[in-house]
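To keep things clear, I will list the structure first and then write my remarks on it.
The figures that follow rest on heavy atoms only: side chains count, while hydrogens, waters and symmetry mates do not.
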Amino acid sequence: MKPSVPRPHCFVCNVYSGRLLICLGCVHVACWAHHHARQHFESTGHMLALDVGNRAVYCFVCGDFVYDRVLDDILWEEREREQGATSSKRARGDDGWVPTKEEVAILKKNSTLRMVCGPTNGLRGLNNLGSTCFMNSILQVLAHNPPLRTFFVSDRHNRAMCVRSQEGETCLACQLDSLFEEMFSGQTTPLSPHAFLFSMWRYADHLAGYDMQDAHEFLIAVLNGVHNHVDVAQEVDCQCIVHRIFSGILRSDVTCRQCSNVSTAYEPFFDVSLNIKATSDPGANGPFTKDGSLSTIHTLTDCLNRFTHPERLEASVLCSQCKTPQQALKQFTIHRAPVVLCIHLKRFEHDTSGFRRVSTKIDNFVEFPALLDLSPYLSSTILLKRNGIYERDPHKGGGVTPKWYELFAVINHHGTMEKGHYTNYVRKNDRWFRCDDAFITHATQEEALSSQGYLLFYIKKFIR
């Protein structure tokens, strides 16, 4: 008979529950809550410890989890062994108690505990593989994107039938399909997305390596990669899953100040990047500067107002009607809004005017709502304003129907450009959760709204 392994406990305070770490430099177990694990590191210098709860290696010097291929292989073999033992047990007919429909109804009616399987299915931590918190935050948001989740969970991209995978080529759509399968398998132990990371390295070599990357840049690379790897990808009017969910169209109007002639161009987008830096010149035109831009930014509405407000171009533009260079105004509006709107708040500023590139982070707090009405920034609304027939209340005639978008995820950047960390909030079944690599904790909507947002994800409230 195999001897039983004693339950680990803190050697200092003898606690058995909570987060426990086993030192990899000596035989010592310590708790996290009372700082006994850190005290052991400070006294011995043993920097690596195994987290008992999520089976990941934690480094006290880095202050983060580190990926170890040998440990991951051991855990995989152990998982396979446990599944094999379970299969043998089932083969003997020992399946345990399976409740009938009547018993399930009685349990639901009389239980005082919350259902765990339903609301939390898909909530699975992601191990940090070495400064990969940017990737983990993006993957958590993609996993909790309702239409994207439905697409992959319903097996709309079957990696077993994918031509690219069969030919041995990298397919990011197959990697997402595998990730969604793992995320929604019902397992709660943290997952190591090393296969997805390696595939991204092969697809976008500028993102290869263990340096910290920009989450926004990584998101765009993932979306472009999935678009390029699905079978129905097209260059014009693409109907792949990425474009059906994330793609919108911006309208750019350049108006000649001499003859009022308007030149219009259209540009597709996956996200809207908004400037959050306050200008130094407050101007004399209310909240706008002399060139028409907002002087102060406090809310997301301020950012969108600045983005869609006419801007005076510094250089002259050749007018097709005047046939000569003229001063002009340029205005961006949203011609077609996507199903999922990704808003990028430009927190990182890069100055290349000097001898070397200087990068800084803008820590301004920008207030953003749980419900966003996008109608004031649509091309149709702006055109009504130009023609003087805009009415905010649609019940008064000639009005504009609100276009409501609902917040479902937020990605935050903590720290500085040189040493930062990404976390995120996601909404699932009207409940909010905070994801910090391998750790997922309950949160509130107020916590998400009060965070320093970097990437905001809104979904159209009424999809026709």
Side-chain angles (χ1 to χ4, degrees), residues 56 59 61-69 125-145 148 170-173 175-176 179 183 190-229 242 246 269-274 276 342-352 356-363 409-426 434-439 451-457:
C59 177
V61 176
C62 302
D64 209 340
F65 288 97
V66 295
Y67 175 68
D68 184 83
R69 181 60 181 270
L126 299 175
N127 289 324
N128 193 310
L129 309 181
S131 299
T132 58
C133 53
F134 66 93
M135 176 183 71
N136 291 344
S137 294
I138 293 298
L139 293 181
Q140 289 287 4
V141 170
L142 294 180
H144 293 88
N145 181 323
L148 191 67
T170 298
C171 178
L172 290 181
Q175 290 299 327
L176 269 186
L179 181 75
M183 294 285 283
L191 175 68
S192 294
H194 51 81
F196 189 91
L197 178 64
F198 179 67
S199 296
M200 280 300 300
W201 287 358
R202 294 182 62 185
Y203 169 71
D205 54 4
H206 67 283
L207 296 174
Y210 288 101
D211 293 334
M212 175 70 75
Q213 303 292 344
D214 179 22
H216 173 246
E217 182 181 2
F218 187 82
L219 170 66
I220 300 303
V222 171
L223 296 182
N224 283 323
V226 176
H227 157 70
N228 290 328
H229 292 171
V242 171
F246 290 95
F269 70 88
F270 279 152
D271 68 296
V272 176
S273 294
L274 301 178
I276 64 173
C342 172
I343 295 178
H344 167 223
L345 300 181
K346 298 165 69 174
R347 293 198 173 277
F348 302 126
E349 187 176 44
H350 307 286
D351 185 6
T352 57
R356 61 188 182 90
R357 177 175 174 172
V358 179
S359 300
T360 56
K361 181 186 175 185
I362 303 173
D363 285 318
V410 181
I411 291 181
N412 308 112
H413 180 271
H414 312 271
T416 63
M417 291 283 295
E418 294 76 19
K419 189 176 181 181
H421 181 63
Y422 286 97
T423 62
N424 68 278
Y425 291 91
V426 293
R434 184 176 186 268
C435 305
D436 185 354
D437 287 334
F439 298 98
S451 65
Q452 190 188 75
Y454 176 52
L455 295 175
L456 312 177
F457 296 85

### Query
Mind checking whether H216 and S273 have side chains closer than 4.5 Å, heavy atoms only?
yes
#### Entry: Heavy-atom side-chain contact between T132 and L126 under 4.5 Å
no
Pairwise distance [atom1]([X]) to [atom2]([Y]) - rounded to 0.5 angstrom:
{"X": "T170", "Y": "F198", "atom1": "OG1", "atom2": "CZ", "answer": "7.0 Å"}
{"X": "L456", "Y": "I343", "atom1": "CG", "atom2": "CD1", "answer": "5.5 Å"}
{"X": "L176", "Y": "L139", "atom1": "CG", "atom2": "CG", "answer": "7.0 Å"}
{"X": "I362", "Y": "T360", "atom1": "CD1", "atom2": "OG1", "answer": "6.0 Å"}

### Message
Centroid separation under 6.0 Å, is that true for the rings of F348 and H413?
### Response
yes
Taking all atoms of both residues into account, what is the closest heavy-atom pair of [X] and [Y], and its distance?
{"X": "Q140", "Y": "H144", "value": "O-ND1, 2.8 Å"}
{"X": "L207", "Y": "A221", "value": "CD1-CB, 3.8 Å"}
{"X": "R347", "Y": "D363", "value": "NH1-C, 3.7 Å"}
{"X": "A208", "Y": "Q213", "value": "O-NE2, 4.5 Å"}
{"X": "G415", "Y": "K361", "value": "O-NZ, 3.2 Å"}
{"X": "P193", "Y": "N127", "value": "CD-O, 3.9 Å"}

Donor-acceptor pair, [X] side chain versus [Y] backbone, under 3.5 Å?
{"X": "N412", "Y": "Q452", "answer": "yes"}
{"X": "N224", "Y": "I220", "answer": "yes"}
{"X": "D437", "Y": "N128", "answer": "no"}
{"X": "H229", "Y": "L172", "answer": "yes"}

### Message
Is there a side-chain contact (heavy atoms from CB on, under 4.5 Å) between C435 and V426? Walk through the geometry before answering.
### Response
CA-CA 8 Å; C435 305; V426 293; 4.0 Å; yes
### Task
Start with the C-alpha distance between K419 and T416, add both sets of side-chain angles, then the distance that settles side-chain contact (heavy atoms from CB on, under 4.5 Å), and finish with yes or no.
CA-CA 5 Å; K419 189 176 181 181; T416 63; 4.2 Å; yes
### Query
Going through the distances and angles, do L179 and L191 end up as a side-chain contact (heavy atoms from CB on, under 4.5 Å)?
CA-CA 9 Å; L179 181 75; L191 175 68; 3.7 Å; yes
### Query
Given F218, which of F134, W201, Y203 fulfils the ring-ring contact (aromatic ring centres under 6.0 Å, His included) condition?
F134
### Task
Report the relative orientation of the aromatic rings in Y454 and Y422; use parallel for angles under 30°, tilted for 30 to 60°, perpendicular for over 60°.
tilted
### Message
Tell me which one of L219, N424, D271, V410 satisfies side-chain contact (heavy atoms from CB on, under 4.5 Å) with F457.
### Response
L219
